[in-house]
Amino acid sequence: MRAASPRVLLLLVVGVPASFAGSQPQQQRKWPVPYRRFDYRPKPDPYCQARYTFCPTGVPIPLMKDEDVIEVYRLQAPVWEFKYGDLLGHLNIMHDAVGFKSSLTGKNYTVEWYELFQLGNCTFPHLRPDMDAPFWCNQGAACFYEGIDDVHWKENGTLVLVTTISGTMFNQMAKWVNYDNETGIYYETWTVQSSPEKHAIVWFESYECSKFILRTYQKLADLGAVFNKIQTNYTSITLFAGEPIYLGNETSIFGPLGNKTVAAAIRDFYYPFKAHQSLGEFFLNVLKIIDQVVLNHQFYLFYNLEYWLLPMKSPYLKITYEEIPLPNEENTGAGWKVLH
């Protein structure tokens, strides 16, 4: 008798019929799964509330004069530096942004991309008693505002000149930022790949602040910007898993004709990650998470408004801070510069 594959056994353990799990559209078998873009940004549900207001001092991106010369700065600081100082910096959990300085006006600007309702809401859903499906508050967006907070970026992080562009290039970049912001609307915390090896298969790519910065740099390079040669590292939170198993979307899983077994497994998986736990609940739920992810090798991923089952592998999770070179680097170095 032929033995069942580990993939089939995992499906049976969580109660997923092989025929149901194999119903994913053929184009989704491409790895990494392409990040889905949308025609417009929906209005956030009033249920989603942020402890800290998203982009409180945001302004429209100004139209620069064609002959302007604009300095472009790489900005990086520990996540939540405003509250915890450099604490998360010791773990290399960093937030990225881009700064601009106009030579004609002397004005500085910052653009960054982050969560509308904080990182926890983007990473895990709410389980509402009035809804069968998990409820997500996972939009992310670009924020453009006047000024560069020198102290914030330099004290525990980075503020360094990376290139110089014309006003024309800035205006073209601004149009792209608006397009990117309106079509790429959901924050994706996790990178998922087959192993920690250098050439491992990437199943899913994250979509967060650093990816926006990399896209912005590449757009500037496409427009003709030449970057200085400096080392640029970025934070990535990576899960390690075997080939992901497609489960379906909200309707196919939680709808009237959905799979009740899979629906219950997904809700049970996300329950220990709920917000506002007591200390006792927190420690108990940590044990449940370890049992599910490490001992049972299961993680349910929500990506492109669809659910996937990840067959988890050691080392399960890793926070990396790896170099990704700037595009079209030139061989001259760039000096540090404080803006005023």
Side-chain angles (χ1 to χ4, degrees), residues 35 37 40-41 54-77 94-114 116 140-154 157-185 187 207-234 324-340:
Y35 176 83
R37 290 191 172 269
Y40 65 95
R41 177 180 292 276
F54 173 80
C55 202
T57 60
V59 298
I61 303 179
L63 183 68
M64 300 294 190
K65 292 185 178 180
D66 292 344
E67 65 273 20
D68 202 347
V69 176
I70 298 167
E71 295 175 333
V72 182
Y73 290 84
R74 165 174 160 80
L75 310 177
Q76 188 176 71
M94 308 295 283
H95 175 67
D96 299 271
V98 181
F100 303 93
K101 181 178 182 180
S102 164
S103 64
L104 289 181
T105 67
K107 289 185 176 181
N108 304 322
Y109 301 94
T110 300
V111 62
E112 51 189 322
W113 199 94
Y114 60 100
L116 267 64
C143 175
F144 186 93
Y145 53 95
E146 188 170 337
I148 295 177
D149 186 344
D150 292 12
V151 173
H152 170 71
W153 299 109
K154 282 211 60 159
T158 300
L159 192 161
V160 61
L161 179 69
V162 292
T163 190
T164 302
I165 61 175
S166 67
T168 301
M169 292 165 64
F170 178 92
N171 294 333
Q172 292 173 315
M173 180 211 68
K175 291 180 181 179
W176 170 84
V177 167
N178 286 325
Y179 160 79
D180 185 78
N181 191 50
E182 286 302 308
T183 61
I185 58 180
Y187 190 104
Y207 196 89
E208 27 73 10
C209 67
S210 69
K211 296 298 191 293
F212 172 77
I213 302 309
L214 290 167
R215 293 196 303 276
T216 302
Y217 288 156
Q218 186 58 56
K219 182 62 180 180
L220 290 175
D222 294 342
L223 293 171
V226 178
F227 286 83
N228 298 318
K229 187 172 180 60
I230 61 170
Q231 183 168 337
T232 50
N233 289 56
Y234 301 90
I324 301 177
L326 290 163
N328 302 334
E329 290 177 339
E330 65 180 10
N331 293 323
T332 58
W336 293 82
K337 183 175 182 179
V338 178
L339 302 186
H340 301 285

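Computed from heavy atoms alone, side chains included, the values below leave out hydrogens, waters and symmetry copies.
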d(Gln172 CD, Lys219 NZ) to nearest 0.5 Å is 7.5 Å
Between Thr163 and Asn228, the two heavy atoms sitting closest are N-ND2, 4.0 Å
Rounded to the nearest 0.5 angstrom, the CG-OH distance for Leu159 and Tyr73 is 7.5 Å
Distance-minimising heavy-atom pair for Leu223 and Met173
CD1-N, 3.9 Å
Residue pair Thr110 / Ala97: nearest heavy atoms and the distance that separates them:
CG2-CB, 4.1 Å
Do Ser166 and Asp66 have a side chain donor and acceptor closer than 3.5 Å?
no
Indicate the atoms forming the closest heavy-atom contact of Ile213 with Asp96, along with that distance.
CG1-CB, 3.6 Å
Return the orientation label for the His95 and Trp153 ring planes: parallel under 30°, perpendicular over 60°, tilted otherwise.
parallel
Is there a side-chain contact between Asp222 and Gln218 (heavy atoms, below 4.5 Å)?
yes
Shortest non-hydrogen separation from Tyr114 to Pro56 and the atoms involved:
OH-CD, 4.3 Å
Could you tell me whether the side chain of Tyr234 reaches within less than 4.5 Å of the side chain of Cys209, counting heavy atoms only?
no
Is the closest side-chain heavy-atom distance between Trp176 and Thr216 below 4.5 Å?
yes
Decide side chain to side chain contact (heavy atoms under 4.5 Å, CB included) for Glu146 and Thr57; before the verdict, give the C-alpha distance in whole Å, the side-chain angles of both, and the deciding distance to 0.1 Å.
CA-CA 8 Å; Glu146 188 170 337; Thr57 60; over 6 Å; no
Inter-residue atom distance Asn108.CG - Asp149.CG, 0.5 Å rounding:
11.0 Å
The reported gap from CZ in Arg41 to OG1 in Thr183 (rounded to nearest 0.5 angstrom) is 9.0 Å
Where Gln231 and Arg74 come nearest, the two heavy atoms and their spacing:
O-NE, 4.4 Å
Output the distance between atom CD (Glu71) and atom CD1 (Ile148), rounded to the nearest 0.5 Å.
9.5 Å
Could you walk me through whether Tyr217 and Thr232 satisfy the side chain to side chain contact (heavy atoms under 4.5 Å, CB included) test, starting with their C-alpha distance in whole Å, then the side-chain angles of each, then the deciding distance to 0.1 Å, before giving a yes or no?
CA-CA 12 Å; Tyr217 288 156; Thr232 50; 5.5 Å; no
pair Thr105-Lys65: side-chain heavy atoms closer than 4.5 Å
no
We want to know whether Asn178 and Glu182 form a side-chain donor-acceptor pair, criterion being a heavy-atom distance below 3.5 angstrom.
no
Does Phe212 reach the side chain of Val111, with side-chain heavy atoms less than 4.5 Å apart?
yes
Below 30° counts as parallel, above 60° as perpendicular, anything between as tilted: where do the rings of Phe100 and Phe170 land?
perpendicular
Starting from the C-alpha separation in whole Å, work towards a yes-or-no answer on side chain to side chain contact (heavy atoms under 4.5 Å, CB included) for Lys175 and Asn171.
CA-CA 7 Å; Lys175 291 180 181 179; Asn171 294 333; 5.8 Å; no
Please name all residues satisfying ring-ring contact (aromatic ring centres under 6.0 Å, His included) with Tyr179, sequence neighbours left out, ordered by chain then number.
none
Can you classify the ring geometry of Tyr187 versus Trp113 as parallel (below 30°), tilted (30 to 60°) or perpendicular (above 60°)?
parallel
Go through Asp180 and Arg37 one step at a time and tell me if the side chain to side chain contact (heavy atoms under 4.5 Å, CB included) criterion holds.
CA-CA 9 Å; Asp180 185 78; Arg37 290 191 172 269; 2.8 Å; yes
Establish, from distance only, whether the side-chain atoms of Glu112 and Tyr145 form a donor-acceptor pair under 3.5 Å.
yes
Can you find a heavy atom in the side chain of Glu67 that is under 4.5 Å from one in the side chain of Leu104?
yes
